[in-house]
Amino acid sequence: MSKVIGILAGSLRKESFSKKIAKAITSMAPEGFEFKIIPLDDLPVYNQDFDDENRVPDSYVAFRNAVRAVDGVIFVTPEYNRSIPGVLKNALDIGSRPYGSSVWNGKPAAVFSNSPGNLSAFGANHHLRQSLVFLNMPTMQQPEVYIAQVKELFDESGTLKSGETKDFLQKAVNAYIAWFTKVI
Ligand SMILES: Cc1cc2nc3c(=O)[nH]c(=O)nc-3n(C[C@H](O)[C@H](O)[C@H](O)COP(=O)(O)O)c2cc1C
């Protein structure tokens with residue numbers, strides 16, 4: 001049976017470059033693996049009362065089940081104010097609760113960060129890694145994936161153009177799969 005890797009993009013924007021990278025990655029899965037985008041669009045801001053008072057939103061249930069069903073996770077994150085966007089932190093928080101039932105626990109992860117400028121969301125990449133330590137998600141160390149000048153990488157239809165960055169993303173995916181196979 002195929003191993004399934006969840007791809008989470010940390011943006012809600014229709015034309016999000018992170019979503020476009022996430023989509024491009026789904027076609028890079030090797031044989032024996034399926035890459036599946038897990039959307040974050042319908043998740044209300046986490047409120048612990050939802051869990052404590054047993055009135056959990058349907059979208060939380062669906063999201064938690066979707067993450068529970070995958071074997072690993074690739075996060076594609078932009079940077080907001082030198083950290084991860086709230087939507088991605090919110091998703092991490094939702095999946096981490098109720099206490100003791102985190103859906104993230106033990107799933108091997110990778111962090112792919114991107115920005116329209118040259119810094120490639122370095123700050124977001126490493127803030128995300130801090131949460132992944134606590135969530136007990138072993139995270140690929142190398143290659144580090146920092147995608148700069150992301151606007152230049154897509155054609156008018158939103159497809160990732162051929163070139164160095166596409167080749168690098170494929171190499172990073174291959175490295176993740178090789179590492180995943182060792183740690184799982
Ligand atoms: C609230 C906000 C904060 C931002 N902060 C940063 C930042 O710290 N570093 C950066 O490189 N870009 C920053 N940007 C620009 C984003 O990188 C850019 O909007 C990017 O396209 C967002 O990702 P997306 O295309 O996946 O939606 C910020 C954008 C917003 C809306």
Side-chain angles (χ1 to χ4, degrees), residues 4-29 34-47 59-60 62-63 66-67 70 72-96 103-104 107 109-135 137 139-173 175-176:
V4 184
I5 306 299
I7 316 286
L8 272 68
S11 174
L12 302 182
R13 207 164 67 83
K14 286 193 295 292
E15 294 299 324
S16 159
F17 296 114
S18 307
K19 283 184 175 175
K20 287 175 184 166
I21 291 172
K23 189 170 170 223
I25 287 171
T26 56
S27 62
M28 295 180 177
E34 185 194 338
F35 285 5
K36 196 176 166 187
I37 290 176
I38 301 178
L40 311 182
D41 301 74
D42 299 323
L43 298 172
V45 174
Y46 184 70
N47 179 342
S59 60
Y60 282 20
F63 177 74
V67 176
V70 300
V73 179
I74 297 176
F75 294 96
V76 183
T77 188
E79 182 171 87
Y80 275 11
N81 299 309
R82 295 285 180 262
S83 186
I84 60 172
V87 66
L88 184 53
K89 182 60 165 56
N90 188 46
L92 291 177
D93 295 341
I94 290 166
S96 72
V103 296
W104 306 111
K107 293 189 196 288
V111 179
F112 291 11
S113 64
N114 72 91
S115 79
N118 287 328
L119 296 182
S120 316
F122 176 88
N125 189 307
H126 287 265
H127 273 188
L128 178 52
R129 286 170 184 273
Q130 177 170 322
S131 291
L132 301 186
V133 170
F134 182 68
L135 293 170
M137 300 181 81
T139 302
M140 181 173 77
Q141 301 296 301
Q142 295 290 337
E144 295 164 276
V145 181
Y146 306 114
I147 307 296
Q149 300 293 338
V150 69
K151 277 184 190 168
E152 315 303 324
L153 304 178
F154 298 93
D155 66 20
E156 310 78 56
S157 70
T159 305
L160 184 63
K161 293 189 264 193
S162 294
E164 275 178 24
T165 303
K166 186 173 184 180
D167 294 347
F168 173 66
L169 278 169
Q170 181 67 67
K171 276 188 192 152
V173 164
Y176 171 71

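This structure is a prediction, so every number in the text was calculated from the model and none was measured. Just follow the structure's listing: the first ligand is 1, and inside any ligand the first atom is 1.
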Working note: K20 + D155, criterion salt bridge (charged side-chain N to carboxylate O under 4.0 Å, His left out); need CA distance, chi angles, decisive distance, verdict. CA-CA 11 Å; K20 287 175 184 166; D155 66 20; over 6 Å; no
Walk me through whether S113 and N125 qualify under side chain to side chain donor-acceptor pair (under 3.5 Å). CA-CA 6 Å; S113 64; N125 189 307; 3.1 Å; yes
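Among all heavy-atom pairs drawn from N90 and L43, the shortest one is ND2-O, 3.5 Å. Across all non-hydrogen atoms, the minimal contact from L40 to A9 is CD1-O, 3.4 Å.
A distance-only check finds a donor-acceptor pair linking the side chain of S120 to the backbone of N118 [under 3.5 Å].
Within a 4.0 Å radius of atom 9 (N) of ligand 1, the protein contributes one or more non-hydrogen atoms.
Nearest non-hydrogen protein atom to atom 18 (C) of ligand 1 is P116 CG, 3.9 Å. Counting only heavy atoms of the protein, atom 24 (P) of ligand 1 lies nearest to S16 OG, 3.5 Å. The nearest heavy-atom contact from the protein to atom 14 (N) of ligand 1 is E79 O, 3.5 Å. At the top of the distance list for atom 11 (O) of ligand 1, counting protein heavy atoms only, stands S115 CB, 3.5 Å. Taking atom 23 (O) of ligand 1 as the reference point, the nearest protein heavy-atom neighbour is P78 CB, 3.1 Å.
By the criterion of a heavy-atom distance under 4.0 Å, the side chain of S11, and not its backbone, is placed next to ligand 1.
Residue contacts with ligand 1: L119 is excluded, as none of its non-hydrogen atoms falls under 4.0 Å. Taking 4.0 Å as the cut-off, A121 does not count as a neighbour of ligand 1 on heavy-atom distance.
By the 6.0 Å contact criterion, CD on Q142 is enclosed, its count of non-hydrogen atoms from other residues, nucleotides or ligands being greater than 12.
Residue contact check: R13 has heavy atoms under 4.0 Å from atoms 21 (O), 24 (P), 25 (O), 27 (O) of ligand 1.
Checked by distance only, ligand 1 and N81 come closer than 3.5 Å through their nitrogen or oxygen atoms. Close N/O approach between R82 and ligand 1 is found [any backbone or side-chain N/O within under 3.5 Å]. The distance criterion of under 3.5 Å between nitrogen or oxygen atoms is met by F17 with respect to ligand 1.
The pair D93-K89 counts as a salt bridge, with a side-chain nitrogen and a carboxylate oxygen less than 4.0 angstrom apart.
Aromatic ring centroids of F75 and F112 lie 6.0 Å or more apart.
A side-chain contact (heavy atoms from CB on, under 4.5 Å) with K36 is found for exactly one of V4, I5, I7, namely V4.
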